[in-house]
Amino acid sequence: LVLIAGAALIPALSVVQQLGQEGWQRGGEDPLGAFDRRLAPLQQALRGESAVGYLPPFGSLESPSGAAHFYMTRFALAPVIVLNDVQQPLVVADGVGDPNRLPAHLEVARDFGDGLVLLRTRTR
Amino acid sequence: VSGLRLLVGLALPCAAAFLLVHACWRDRTVPAPATMLVGLTLGLGHGLASCTYWLALLAGGGTPLVVVAVDILALLLAGTLWWHRRPTGARAKRVRSSNGVDLALLVVVLIAAAGALAAFGANALDSPHGEWDAWAIWNTRARFLFLAGGEWRRAFSAELMHTNYPALLPAAVAHAWAYMGYAGPAAPLAIALTFTGSLVLLIGGALACLRGQTHGLLGAACLLAAPILLQRAAWQYADIPLAFFLLATVTLLIVADRVAAAEQPAALGLAGCAAGFAAWTKNEGALFVLAVIVARALFAVRTRTVDLRRAAAFGLGLAPLAILYVSFKLALAPPSYLLSDQRLMDYLLRLADPARYVTIAGAVGTELLRSLGVIVIVLPIAAVLLGRTRDPDARQAAAWALLLILLMAVGYAGVYLVTPLDLAWQLSHSLDRLILQLWPCSAFAVLLLCADPAEWRQRPGVEPGTTRPARRRS
C-alpha cells in the first residue's frame with residue numbers, strides 16, 4: 001500500500017515542481033487561438049462556400065511547420081473544406097510575402113492584411 | 001451567461017444518464033457507491049449528449065432548438081423508465097471500514113488528484129484548444145458539425161483527415177456548443193475534465209463496491225500515478241473517453257453478475273450501452289465489443305453458465321449504439337487505411353516478418369515504463385506481496401477481465417503487425433494512447449484479484465473481515 005501511495009504522489013509532486021519552475025502559462029498566448037482570431041474575418045467572407053484552395057506559405061506540407069499551418073487553417077476556416085490545391089476557384093494564401101510568388105492564374109480577391117489574402121482565378 | 005448555458009447543456013444529458021443508471025441498477029442489496037454513480041452519470045451523460053446531438057442533426061441540422069427538444073425528450077424517456085423501475089425497499093447499509101489506512105490513502109488520493117487538477121489547469125491555459133489530434137481531428141470535426149448547418153455531412157468528407165473515426169467526442173463537443181452559442185474552447189475542456197474525473201471516480205467506486213474501501217482508494221491512486229493520465233487529460237484526445245467506456249463496461253458486467261437475478265438484465269443492458277459508446281468513440285471500441293463477446297462466451301462455456309437471456313440483455317443495450325455505428329460506417333465513413341488497397345498477400349507477408357514482432361515488443365516495454373511511470377513496476381510488486389484474494393467471485397471476475405485485456409492487447413498487436421504504414425512511425429505516434437486506453441481496466445483487474453489488507457493480515461483458513469458489501473449470486 002505504501003508503494004502504491006508513494007507512486008501516486010510522484011506525478012503530483014512533479015507537477016508542483018514543474019509549475020514552480022515554469023509558471024502556470026508557459027507558452028504565453030495560445031498560438032492557435034490567436035491564429036483562429038486572425039482568420040475569423042476570412043471565415044466570415046467564405047460563408048456559403050463548401051471548399052477553398054490553399055497556397056502553402058512554407059513551400060510544401062511535408063515539413064512539420066507546413067503541415068501545422070495547413071491543419072490550423074482547416075481548423076480556423078471550418079466548415080469550409082480547405083484543400084491543398086491551387087486549382088480551386090477561391091484559394092487562401094497566408095504569409096506569401098512576395099506577390100510574384102503567386103501562381104499566374106490567380107489574382108487577389110481580397111486582402112485581409114498581415115499577409116492573409118483570398119485569391120481567385122484570374123478572369124480573362 | 002455562456003458558462004451557465006454550457007452548464008445546462010452538460011447537465012441535461014447527465015440528468016437523463018443519472019435516471020437511466022438508477023433505473024438499471026436498483027438492487028439495493030448491492031448499493032452503488034456515490035463515486036461510482038457520479039462517474040457513470042458524467043461519462044454516460046456525455047455519450048448520451050453525442051447521441052441526442054446526432055439525432056438533432058438528422059432531424060433538423062442540429063439547430064439549438066432541435067437539440068434542446070431532443071434533450072428534453074431523452075430526459076422524459078429516462079424519467080419515465082426510472083419511474084417505472086424506481087427502487088423500492090430499504091437500502092442495504094454499506095459496512096464501512098474507515099480506518100487509519102483508508103484515511104491515509106484518502107489523503108494521498110486527494111493530493112494526487114489536486115496535482116492532476118493543477119496539471120490540467122496548466123495545460124489548459126497553455127493550449128486551450130488541446131494538442132494536435134484534438135484540434136486537427138476532433139475539434140475540427142466538431143466545428144464542421146456545429147457550423148455547417150444542413151451541410152453537416154461535410155465533416156466526413158474524404159478530403160478531411162481520419163473521417164472514418166466515429167463521432168462521439170465531436171458530437172458531444174458540438175452539443176455543448178449548441179447550448180453555448182459559439183465554438184469556444186470551454187466546452188471541449190469541460191468534457192475532457194469531466195471524462196478524466198469520471199474515470200477516477202469510476203475505478204474508485206467500482207472497486208469500493210466490489211472489494212471494499214481500501215481497494216477503491218488504491219484503484220484511484222493507481223490511475224493518478226500514471227503520468228500519461230495527467231499529461232493527456234487536457235489534450236482533449238478521445239483516448240480517455242474510450243478508457244472510461246471500457247472500464248464502465250467491465251465494471252457493469254461484473255456488477256451484473258452480483259445483483260439479484262431479476263435485476264441482471266437491466267444491469268447487463270447498461271453494460272451493453274457502455275460498450276456501444278466505446279465503439280461510438282473510437283474504432284478500437286469496436287474491437288473491444290468483439291473482445292467482450294468472445295471473453296464472456298469463453299467464460300460462460302468454461303463455467304457452464306451459458307445463458308442466452310443474459311446475452312440478449314447485453315445485446316439489447318448495445319443495439320442502438322451498434323445501429324448508429326454501423327449506419328455511420330456504411331453511410332458516411334470512408335474505408336479505413338487498414339483495409340483500403342490491401343491484398344491478402346500484403347497482410348501475410350507482414351505477419352511473417354519476425355522483425356516486426358521484435359520492434360513491437362521492444363516498443364511496448366519502453367512505452368509502458370515511459371507512459372505509466374513507476375506504477376507499472378509497483379502494482380505487480382504490490383499484487384505479489386498482497387497475494388490473491390480468497391473471494392472466488394472476485395477471482396473469477398478478475399480472470400475474465402484479464403482475458404478481455406489480453407484479447408484487446410492481441411488485437412492491437414495484430415493491427416501493428418499488418419499495418420501498411422511505417423511501423424516505427426505508427427508505434428511512436430499511437431502506442432502510448434493504446435496503453436492509456438487499457439491501463440484503467442488493467443489496474444482494476446489486478447486490484448480485483450489482490451487480497452485486501454484484512455485478508456492479508458489473517459492466517460490462511462480464517463474467514464476475512466466483513467469489509468465488503470453483501471453479494472448475491474444468481
Side-chain angles (χ1 to χ4, degrees), chain A residues 1-37 40 43-44 46-54 64 67-85 88, chain B residues 101 104-105 108-109 111-116 118-119 121-122 125-130 132 135-137 139-149 151-152 154-155 157 159-161 183 185 214 218 220-227 229-231 373-375 377-379 381-382 385-386 453:
Chain A
L1 303 188
V2 172
L3 286 173
I4 293 178
L9 289 175
I10 292 173
L13 296 176
S14 159
V15 168
V16 170
Q17 189 194 13
Q18 208 173 337
L19 289 176
Q21 284 171 356
E22 299 176 6
W24 278 84
Q25 204 158 356
R26 288 157 289 182
E29 201 198 0
D30 159 42
L32 184 57
F35 187 85
D36 191 31
R37 282 190 294 278
Q43 193 229 22
Q44 290 295 317
L46 290 171
R47 187 167 281 188
E49 298 291 336
S50 60
V52 65
Y54 174 78
H69 188 274
F70 177 67
Y71 289 111
M72 282 163 75
T73 307
R74 271 195 168 167
F75 173 83
L77 296 185
V80 179
I81 297 174
V82 179
L83 302 166
N84 183 26
D85 173 17
Q88 297 291 317
Chain B
V101 173
L105 275 175
V108 167
V109 167
I111 293 171
L125 282 173
D126 222 19
S127 310
H129 295 278
W132 182 282
W135 57 261
I137 302 173
N139 291 339
T140 294
R141 188 162 314 150
R143 283 183 165 218
F144 272 90
L145 294 177
F146 175 61
L147 297 169
E151 298 294 315
W152 61 270
R154 212 186 284 164
S157 161
E159 308 287 352
L160 298 173
M161 192 162 60
T214 311
L218 286 174
C222 281
L223 279 202
L224 292 166
L229 186 87
L230 274 67
Q231 185 192 38
V374 290
I375 193 67
I377 298 167
V378 163
L379 183 60
I381 292 172
L385 291 176
L386 282 168

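Residue numbers begin at 1 in each chain, while the letters A, B, ... track the order of the sequences.
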Under 4.5 Å, counting heavy-atom pairs only, tell me which of B:Ile375, B:Leu160, B:Leu223, B:Val374 racks up the most with chain A. B:Leu160
Considering all heavy atoms of both residues, which atom of B:Ile111 and which atom of A:Ala12 are nearest to each other, and what is their separation? O-CB, 3.9 Å
Name the region of B:Glu151, side chain, backbone, both or neither, that has any atom closer than 4.5 Å to a heavy atom of chain A. neither
Measure B:Leu147 against the heavy atoms of chain A and call it side chain, backbone, both or neither at under 4.5 Å. both
For A:Leu83, which atoms come within 4.5 Å of any heavy atom of chain B: side chain, backbone, both, or neither? side chain
Honestly, the part of B:Leu105 sitting under 4.5 Å from a heavy atom of chain A is side chain
Top contributor to chain A interface from B:Ala113, B:Pro128, B:Ser127 [non-hydrogen pairs under 4.5 Å]: B:Pro128
Proximal component of A:Asn84, with respect to chain B [non-hydrogen, under 4.5 Å]: neither
Heavy-atom distance under 4.5 Å to chain B: side chain of A:Ser14, backbone, both or neither? neither
For B:Arg143 and A:Phe75 the tightest heavy-atom approach is NH1-O, 3.0 Å
With a 4.5 angstrom heavy-atom cut-off, which part of B:Trp132 approaches chain A: side chain, backbone, both or neither? side chain
Okay, B:Ile381 and chain A: the region with an atom under 4.5 Å from a heavy atom over there is side chain
Exercise: identify the closest heavy-atom pair between A:Pro79 and B:Phe144: O-CE2, 3.1 Å
With only heavy atoms counted, which part of B:Ala116 is less than 4.5 Å from chain A, the side chain, the backbone, both or neither? neither
Which atoms of A:Ala51 come close to chain B, meaning under 4.5 Å heavy atom to heavy atom: side chain ones, backbone ones, both, or neither? neither
Would you name the heavy atoms of A:Val15 and B:Leu230 that are closest together and state the gap between them? CG2-CD2, 3.9 Å
Is it the side chain or the backbone of A:Leu3 that comes within 4.5 Å of chain B heavy atoms, both, or neither? both
How close do B:Ala225 and A:Ala8 get, counting heavy atoms only, and between which atoms? CB-CA, 3.5 Å
